[in-house]
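These notes concern the structure reproduced below.
In what follows, chains carry the letters A, B, and so on, assigned in the order in which the sequence lines appear, proteins first and then strands, with residues in each chain numbered from 1. Everything quoted here is computed from the prediction, not taken from an experiment.
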Amino acid sequence: MKLVIAVIKPFKLEDVRDALTALGVQGLTVTEVKGYGRQKGHTEFYRGAEYAVHFLPKMKIEIVIPDDREDQVIEAITASAKTGQIGDGKIFVTEVTRALRIRTGEADNNAL
Amino acid sequence: MKLVIAVIKPFKLEDVRDALTALGVQGLTVTEVKGYGRQKGHTEFYRGAEYAVHFLPKMKIEIVIPDDREDQVIEAITASAKTGQIGDGKIFVTEVTRALRIRTGEADNNAL
Amino acid sequence: MKLVIAVIKPFKLEDVRDALTALGVQGLTVTEVKGYGRQKGHTEFYRGAEYAVHFLPKMKIEIVIPDDREDQVIEAITASAKTGQIGDGKIFVTEVTRALRIRTGEADNNAL
Amino acid sequence: MKNKVLLPIGVVFFIAAARPAFADAGTINAADTAWMIAATGLVLMMTIPGLALFYAGLVRKKNILATMAQSLGSVAIVSLLWAGAGYSLAFSGGNAWLGSLDRILLAGIGMDSTNELAKNIPEALFMLYQMTFAVITVALIAGSVADRMKFSAFLLFGAGWLFLVYVPVAHWVWGGGFLGAMGMLDFAGGTVVHLNAGVAGLVAAYLLGPRRGYGTENLAPHDLSLAVIGTGLLWVGWFGFNGGSALSASPRAVMAIASTHFAACAGACVWMALEWWSRGKPSVLGMISGAVAGLGTITPASGYILPWHGAVIGVLAGLVCFWACTVLKERCRYDDSLDVFGIHGLGGALGTMLAGVFATAAISVTADTPNGLPGALEGNWDQLRVQAIGIAVTAVWCGVVSWILLKLIDAMVGLRVGLDEERMGLDVTLHGEAIQ
Amino acid sequence: MKNKVLLPIGVVFFIAAARPAFADAGTINAADTAWMIAATGLVLMMTIPGLALFYAGLVRKKNILATMAQSLGSVAIVSLLWAGAGYSLAFSGGNAWLGSLDRILLAGIGMDSTNELAKNIPEALFMLYQMTFAVITVALIAGSVADRMKFSAFLLFGAGWLFLVYVPVAHWVWGGGFLGAMGMLDFAGGTVVHLNAGVAGLVAAYLLGPRRGYGTENLAPHDLSLAVIGTGLLWVGWFGFNGGSALSASPRAVMAIASTHFAACAGACVWMALEWWSRGKPSVLGMISGAVAGLGTITPASGYILPWHGAVIGVLAGLVCFWACTVLKERCRYDDSLDVFGIHGLGGALGTMLAGVFATAAISVTADTPNGLPGALEGNWDQLRVQAIGIAVTAVWCGVVSWILLKLIDAMVGLRVGLDEERMGLDVTLHGEAIQ
Amino acid sequence: MKNKVLLPIGVVFFIAAARPAFADAGTINAADTAWMIAATGLVLMMTIPGLALFYAGLVRKKNILATMAQSLGSVAIVSLLWAGAGYSLAFSGGNAWLGSLDRILLAGIGMDSTNELAKNIPEALFMLYQMTFAVITVALIAGSVADRMKFSAFLLFGAGWLFLVYVPVAHWVWGGGFLGAMGMLDFAGGTVVHLNAGVAGLVAAYLLGPRRGYGTENLAPHDLSLAVIGTGLLWVGWFGFNGGSALSASPRAVMAIASTHFAACAGACVWMALEWWSRGKPSVLGMISGAVAGLGTITPASGYILPWHGAVIGVLAGLVCFWACTVLKERCRYDDSLDVFGIHGLGGALGTMLAGVFATAAISVTADTPNGLPGALEGNWDQLRVQAIGIAVTAVWCGVVSWILLKLIDAMVGLRVGLDEERMGLDVTLHGEAIQ
Ligand SMILES: Nc1ncnc2c1ncn2[C@@H]1O[C@H](COP(=O)(O)OP(=O)(O)O)[C@@H](O)[C@H]1O
Ligand SMILES: Nc1ncnc2c1ncn2[C@@H]1O[C@H](COP(=O)(O)OP(=O)(O)O)[C@@H](O)[C@H]1O
Ligand SMILES: Nc1ncnc2c1ncn2[C@@H]1O[C@H](COP(=O)(O)OP(=O)(O)O)[C@@H](O)[C@H]1O
């Protein structure tokens with residue numbers, strides 16, 4: 001199995017979820033994160049003080065999928081998260097050696 | 001070493017932590033996440049507008065452990081996080097190639 | 001490629017980012033997490049009730065890097081995040097099999 | 001102001017006050033009206049947003065809106081019922097047990113009508129002012145059942161309880177009923193408001209059972225800063241609550257405000273000191289709890305005593321309520337979520353007794369009681385007996401009727417939300433919305 | 001001020017001022033002054049922090065500060081412009097269309113000057129009190145354009161609109177203009193304030209176009225608890241808004257407050273009931289929307305009617321505004337973000353008509369109108385025609401002028417922020433700061 | 001109430017005015033009492049929740065409750081000490097340097113006692129009103145030391161400073177002391193309150209040293225929306241602060257409120273404009289900073305000047321305080337966390353000078369000064385010398401005594417929390433609780 005980690009722009013979350021459910025992906029986990037990258041942040045100022053805010057709000061999506069769906073899922077995310085502008089984000093894939101559904105004890109692909 | 005990722009119901013966090021410390025696990029990292037899965041969300045409405053909220057609050061626990069504790073840890077989490085109802089969550093395991101304690105520089109199993 | 005996961009003290013974030021950008025790391029993703037470990041938490045009390053708060057605020061940094069930068073990056077993080085006091089945090093490394101920049105479709109090392 | 005005849009002014013009130021009073025209708029005084037409008041606004045502000053914030057700041061994030069809904073609902077429903085019949089049954093004459101039906105649907109309240117109990121202000125103002133007391137009393141009860149009571153059940157309870165408990169007790173003590181006739185002292189609602197709410201809350205907390213996770217899970221307040229804002233507004237609003245109970249812009253109102261303020265300060269200091277000493281840290285929740293304990297406790301005595309008495313009462317309030325919230329509750333194992341009984345119930349009872357102790361003839365003197373109302377310190381030990389009777393009657397009546405009423409409502413619609421709803425939080429499950 | 005006979009009275013006060021009393025100027029009454037200062041403070045509190053909170057609680061997290069900035073900016077700029085010329089043009093005599101220039105830069109306002117319209121209080125106080133109305137009217141409009149209008153454009157619009165719409169309409173209705181002369185009833189601003197703000201908001205919402213993501217993305221309020229605090233402060237502040245419009249600490253002020261309060265309660269109950277019935281859950285947003293609908297709607301009628309009329313008007317307000325926000329808006333496909341038109345615009349118009357229905361001679365009687373101002377219920381059906389004219393004139397004038405003004409400003413600086421700015425949120429992009 | 005002769009007076013007020021006045025005790029005026037009770041409530045509201053919110057909104061999340069605790073603690077402790085001895089030492093006669101011990105523990109304050117300085121209201125009310133000033137002055141200082149001072153040290157400092165600095169300065173200026181006798185003008189506390197707090201804050205900020213991370217870490221405010229709420233309540237409360245300083249419901253109170261309001265508006269506009277121009281974006285923090293700067297600066301002048309003077313003073317306040325917070329602080333490298341010196345200290349001094357410039361005989365006239373108190377604009381250039389002396393005396397005394405007191409407390413309990421405590425946040429480490 002694979003763990004697909006996608007860091008995307010927050011307002012694209014619903015689009016990505018729709019694209020994934022269209023593919024039959026039944027579960028995913030989302031985290032609010034701050035991203036640092038080529039996309040520049042902004043400056044906030046408070047009376048005398050200025051603070052450069054380098055970290056921009058992003059959404060991190062984690063999805064564990066059977067090996068054979070990797071390409072499909074990546075394509076779906078890319079297509080739905082893309083605006084073409086800097087800061088669209090990244091997709092990373094790592095290997096998952098085991099998966100388990102807590103409620104039923106089902107394992108691996110059956111657990112997803 | 002393994003990284004065990006468990007997505008559980010928030011109110012089960014203390015139970016899981018107790019179960020893990022009982023096993024001798026000395027550290028873990030917790031993130032508030034939103035989960036999308038078989039468990040259905042709810043609808044919020046604001047004057048004219050209705051919004052389907054598909055994402056439910058979950059807790060993600062990350063624990064890095066020596067290879068030989070994998071089964072133990074997974075069992076402990078399963079046992080303590082289970083309510084038997086839909087949405088109990090998942091456990092995923094990935095391989096960790098290196099670990100390091102920042103304070104001391106201890107490496108791998110000694111760092112956990 | 002490697003995914004380096006570092007759990008550090010929150011007020012060290014800017015230092016670590018500076019150290020990494022000095023190395024030429026161009027992107028990273030940060031999550032506010034709660035850590036449980038050797039460093040003890042505190043007790044909060046509310047009228048009659050006392051709650052032991054075992055979880056301390058930490059920052060989790062995730063950086064995907066080419067294989068050959070692993071040592072450099074780990075050293076930079078260790079050096080910049082260290083206070084020498086308990087709770088400085090950990091660094092974990094896992095294998096990444098694929099990376100992709102959503103905006104351009106560039107893959108793997110080019111995507112970082 | 002119809003009277004255009006020049007009249008000699010016949011009464012100089014001891015306190016200045018300036019209530020002309022020679023003509024029947026022309027007794028309404030603009031200065032008193034100005035202050036009592038302000039006081040009415042202040043007491044309304046105590047409930048929304050004051051109490052709404054105070055309570056919302058003490059619950060978990062998932063229940064903040066539901067908690068606020070209880071305050072809002074109390075305002076909306078109790079106000080309308082008060083206009084419908086509550087005011088009439090409490091304050092329009094009647095017998096020793098209940099008022100009359102003369103003011104049902106506010107019949108007869110016109111531009112120049114006044115109530116016997118407050119001839120210097122328009123009756124509509126007296127009615128509104130008293131309404132704000134009924135409102136906050138019902139709203140206070142919500143603190144005991146926070147995090148688990150159905151909104152429908154709470155509203156039904158509030159409506160029923162208003163007529164079955166609040167209205168009669170208000171009549172007994174203030175509206176010409178038997179407790180007032182007996183000479184019981186309750187300036188601004190130690191029994192009528194605080195003890196009443198506290199006992200009802202305690203009964204409700206027992207019947208509902210503890211919150212899921214009580215004693216095991218972390219039920220810490222989500223955002224105490226809301227509770228601090230609420231405390232500030234409650235504190236300032238209390239100037240209207242106790243000061244307004246003088247029903248005039250007079251030195252007596254000022255004296256009530258002075259003792260009220262010092263009681264709040266002393267309560268806050270004592271609670272702070274107790275926590276500092278027993279745990280090494282004074283908490284903000286402790287400071288505001290002490291302040292509210294002082295405010296609740298001083299209420300029944302406020303218009304009868306000297307300012308420094310207020311500080312003494314505040315100290316005692318801090319001690320007793322601290323003990324109630326930390327020791328007594330633990331021991332009796334009820335889950336009065338936000339300590340309505342520990343703070344308002346016990347504070348109200350304590351303050352009612354202390355009113356009997358500290359009442360000072362020089363302060364409590366009025367046209368009707370030209371010799372003032374002395375308390376035990378001035379030798380009138382019998383006052384303590386009267387006060388005790390008032391407390392006992394109120395507590396028993398309120399306890400029994402609340403219990404029956406809750407049982408009835410339980411049978412009708414159920415009192416408590418289901419386990420899953422409680423876990424997901426009442427905001428989403430009862431109201432379909434959430435703090436993001 | 002009927003009585004002009006000299007009476008002996010015994011005191012010249014130490015501090016001042018205010019009661020000289022030997023000359024004509026001495027019509028200033030301390031009790032009325034006391035109340036009207038409080039009322040002025042209350043109405044200011046309605047805007048900051050009341051409305052600022054109410055609106056901020058309904059937007060997304062990234063726009064909270066920008067929304068508050070609009071309320072703050074309205075206070076700062078409208079107040080200064082009011083002193084500069086607004087007051088003079090609205091309230092200092094003049095002709096049927098516009099006031100005079102006599103009070104430009106507050107010229108002539110001294111310690112003992114009074115305005116013809118309120119001889120019992122210092123003119124400076126009347127000027128300040130009316131100023132708070134102008135302020136909140138402009139601030140209300142911000143709700144329609146929340147989340148997407150440029151701050152600069154909003155301030156320009158507010159400044160222009162004040163002089164082109166608010167000031168003339170206020171003069172027409174209250175300042176001696178033709179609508180007032182025609183006998184139109186608008187006690188505290190159903191047309192001048194609420195209809196005016198609602199129509200301007202609607203026009204602005206149409207011109208700006210809907211928020212990005214309207215109908216597709218989740219635009220849920222970030223923190224409704226802020227809106228509840230705001231509602232509480234608005235509600236209490238409304239005592240000053242409607243009660244203060246009596247301009248005296250009199251039974252009439254009290255009557256206005258009574259009907260105001262019951263209208264708010266009834267509005268909240270009705271909206272709650274409608275949601276409960278139609279969706280199974282009463283939302284907190286629904287309750288506060290109903291309360292504000294009741295408050296806005298009762299405003300024009302408040303000082304002319306009996307308290308129970310207030311409850312009836314509140315019920316109608318709840319029904320109409322609920323329908324406007326849930327059905328009408330959907331159908332007409334405009335994005336009036338925070339429902340300024342649905343609640344204030346329609347509520348203001350409805351209330352202005354209902355003032356014509358319920359006006360009661362016994363309440364509306366004054367020195368100038370010794371027979372009172374009866375409405376349709378008392379047989380004066382013609383009043384409805386007058387009210388309708390007032391509504392139509394205001395709505396048309398406001399709609400047309402707002403439209404032109406917005407077009408002009410669009411050409412000058414642009415009305416709307418760019419797409420990226422809207423997505424990042426106005427707090428950061430317009431004000432360079434954020435809620436962390 | 002000096003005049004006991006019966007004088008003809010020309011008006012019986014429409015609604016009942018209420019000033020009996022036939023007996024000696026009867027100098028208390030109900031209308032003034034009504035207003036001054038409201039004013040006292042408003043000034044208390046400025047501290048809790050006003051200032052508590054204003055400050056809490058500017059600190060980091062981990063210090064929100066600790067910041068609020070400082071406001072709460074100031075209220076509780078200063079109030080009790082004020083009743084104990086502060087009032088007596090400041091306002092009960094005495095000599096040029098200090099008041100008497102006549103009112104220790106409020107001895108002698110009864111229902112009909114009045115203070116020489118305010119014979120028209122009950123003495124207890126005068127005492128409470130002045131108390132709210134002492135409270136907020138101490139609470140203001142907390143802004144300079146936010147995020148790093150020990151709670152115990154702050155309370156000790158507040159208690160000592162009250163007696164060593166606030167009480168004498170209040171006596172010198174207002175209580176019959178030498179500055180007042182010299183003719184110094186400080187209507188509502190430019191030196192007594194704002195300069196005093198600012199100087200004490202500056203000294204404390206120097207002694208404590210900068211916050212850890214100052215200049216390197218991001219110390220951005222966590223939730224500016226709290227600060228906006230606080231500003232709204234401060235602003236409205238300031239009507240009581242400056243308007244109440246007239247001690248009567250009089251045109252003078254109204255004039256003070258008018259200039260106060262326009263100063264706040266002008267300050268907000270200027271700061272907004274400066275930021276817009278210098279950085280391209282007007283921040284909400286800038287707008288509220290400008291408003292508070294205007295409010296603080298107008299304070300000493302408010303009751304002596306014309307409304308439009310208020311706007312001018314507000315403009316100057318905006319310019320000077322903006323410069324102080326952005327340029328001066330940078331240059332002098334002190335970390336006055338929330339700019340108490342830059343806004344209140346400098347604003348208070350500036351305003352005290354400007355009072356000497358703009359004081360207008362027609363407004364400042366009283367029974368005691370029948371010719372009014374003219375300022376430089378009316379030819380009385382000497383007033384500027386007097387004002388400067390007042391500022392210098394206050395600043396030097398406050399600076400020196402604050403420094404010694406802080407050194408003493410440092411030796412006793414330490415002023416500053418440890419580095420780890422500062423990093424974890426004061427909420428958890430000092431108070432054992434946290435915003436979740
Ligand atoms: N090497 C990396 N490791 C982890 N996260 C990264 C990395 N590079 C970028 N990111 C994440 O992706 C987001 C977008 O990257 P950015 O460089 O701004 O734009 P783009 O994706 O268009 O190249 C960043 O905000 C960050 O959260
Ligand atoms: N394939 C997946 N990848 C990542 N997270 C998942 C996946 N499937 C489920 N989850 C997480 O697990 C949670 C529980 O899953 P759900 O399908 O609702 O119930 P159950 O665990 O009982 O099957 C989800 O809310 C989501 O956070
Ligand atoms: N085995 C582990 N798996 C995941 N996270 C861990 C683990 N051990 C520690 N951590 C994280 O590292 C943080 C620091 O660890 P701690 O034991 O407190 O101090 P130290 O790093 O000095 O040994 C913890 O708060 C937790 O977030």
Side-chain angles (χ1 to χ4, degrees), chain D residues 1 9 12-20 26 28-35 38 42 61 220-225 228-229 231-233 235-236 239-240 243 248-255 257-258 261-262 265-266 268-269 272 279 281-285 287-288 291 307-308 311 362-363, chain F residues 12-20 22-23 25-26 28-31 33-35 37-38 40-41 44-45 47-50 52-53 56 64-66 68-69 72-73 75-77 79-80 83 105-106 109-112 121-122 124-125 127-128 131 151 226 229 249 427 430-433 435-436:
Chain D
M1 211 56 34
I9 290 214
V12 171
F13 275 81
F14 163 64
I15 305 182
R19 278 162 222 132
I28 291 173
N29 174 303
D32 293 344
T33 301
W35 161 233
L42 285 169
K61 190 177 179 189
H222 174 64
D223 187 353
L224 274 174
S225 74
V228 174
I229 313 177
T231 302
L233 296 177
W235 193 323
V236 173
F239 282 20
S248 59
S250 62
R252 191 179 201 183
V254 173
M255 284 306 200
I257 289 169
H261 182 73
F262 295 125
C265 293
C269 286
M272 181 171 84
R279 289 158 170 176
K281 290 176 187 179
S283 73
V284 169
L285 178 57
M287 294 170 75
I288 62 178
W308 72 265
I363 305 292
Chain F
V12 168
F13 290 100
F14 170 56
I15 301 180
R19 272 160 227 134
F22 300 105
I28 291 171
N29 174 303
T33 300
W35 162 233
I37 294 176
T40 303
L44 177 61
M45 184 181 80
T47 307
I48 49 167
L53 280 162
I64 287 181
L65 295 173
M68 291 183 143
L72 283 168
V75 173
I77 287 183
S79 296
L80 292 173
L105 290 173
L106 305 182
I109 296 190
M111 290 289 267
D112 48 13
I121 57 172
L125 182 52
M127 179 271 297
L128 285 174
M131 173 196 78
F151 187 51
L226 295 179
I229 313 177
D427 290 4
L430 295 185
H431 302 284
E433 60 205 340
I435 307 261
Q436 306 295 319

Ignoring hydrogens, what is the shortest heavy-atom contact between [X] and [Y]? Give both atom names and the distance.
X: S79(F); Y: C265(D); result: CB-SG, 3.4 Å
X: A30(F); Y: A249(D); result: O-CB, 3.5 Å
X: V254(D); Y: A124(F); result: CG1-CB, 3.5 Å
X: A362(D); Y: M111(F); result: O-CG, 3.6 Å
X: G41(F); Y: V236(D); result: O-CG1, 3.7 Å
X: I64(F); Y: S225(D); result: CG2-CB, 4.0 Å

What part of [X] gets within 4.5 angstrom of chain D, counting heavy atoms only: side chain, backbone, both, or neither?
X: M45(F); value: both
X: L65(F); value: both
X: P49(F); value: both

Answer key: most heavy-atom pairs under 4.5 Å with chain F among A220(D), P221(D), G240(D), P282(D) is P282(D)
Pair D223(D), Q436(F) - check side chain to side chain contact (heavy atoms under 4.5 Å, CB included), show working.
CA-CA 6 Å; D223(D) 187 353; Q436(F) 306 295 319; over 6 Å; no
Is the closest side-chain heavy-atom distance between [X] and [Y] below 4.5 Å?
X: S250(D); Y: T33(F); answer: no
X: K281(D); Y: L430(F); answer: no
X: I229(D); Y: L53(F); answer: yes

Please report the interatomic distance [atom1]([X]) to [atom2]([Y]), rounded to the nearest 0.5 Å.
X: M272(D); Y: I77(F); atom1: CE; atom2: CD1; answer: 4.0 Å
X: M127(F); Y: H261(D); atom1: CE; atom2: NE2; answer: 9.0 Å
X: C269(D); Y: L72(F); atom1: SG; atom2: CG; answer: 10.5 Å
X: L224(D); Y: D427(F); atom1: CG; atom2: CG; answer: 9.0 Å

Checking heavy atoms, do the side chain of [X], its backbone, both or neither come under 4.5 Å from chain F?
X: L42(D); value: neither
X: H222(D); value: both
X: F262(D); value: both

Count the heavy-atom pairs under 4.5 Å between each of [options] and chain D, then report the option with the highest count.
options: I121(F), L105(F), I37(F), T47(F); value: I37(F)
options: A38(F), A56(F), A69(F); value: A69(F)
options: I109(F), V75(F), T40(F); value: V75(F)

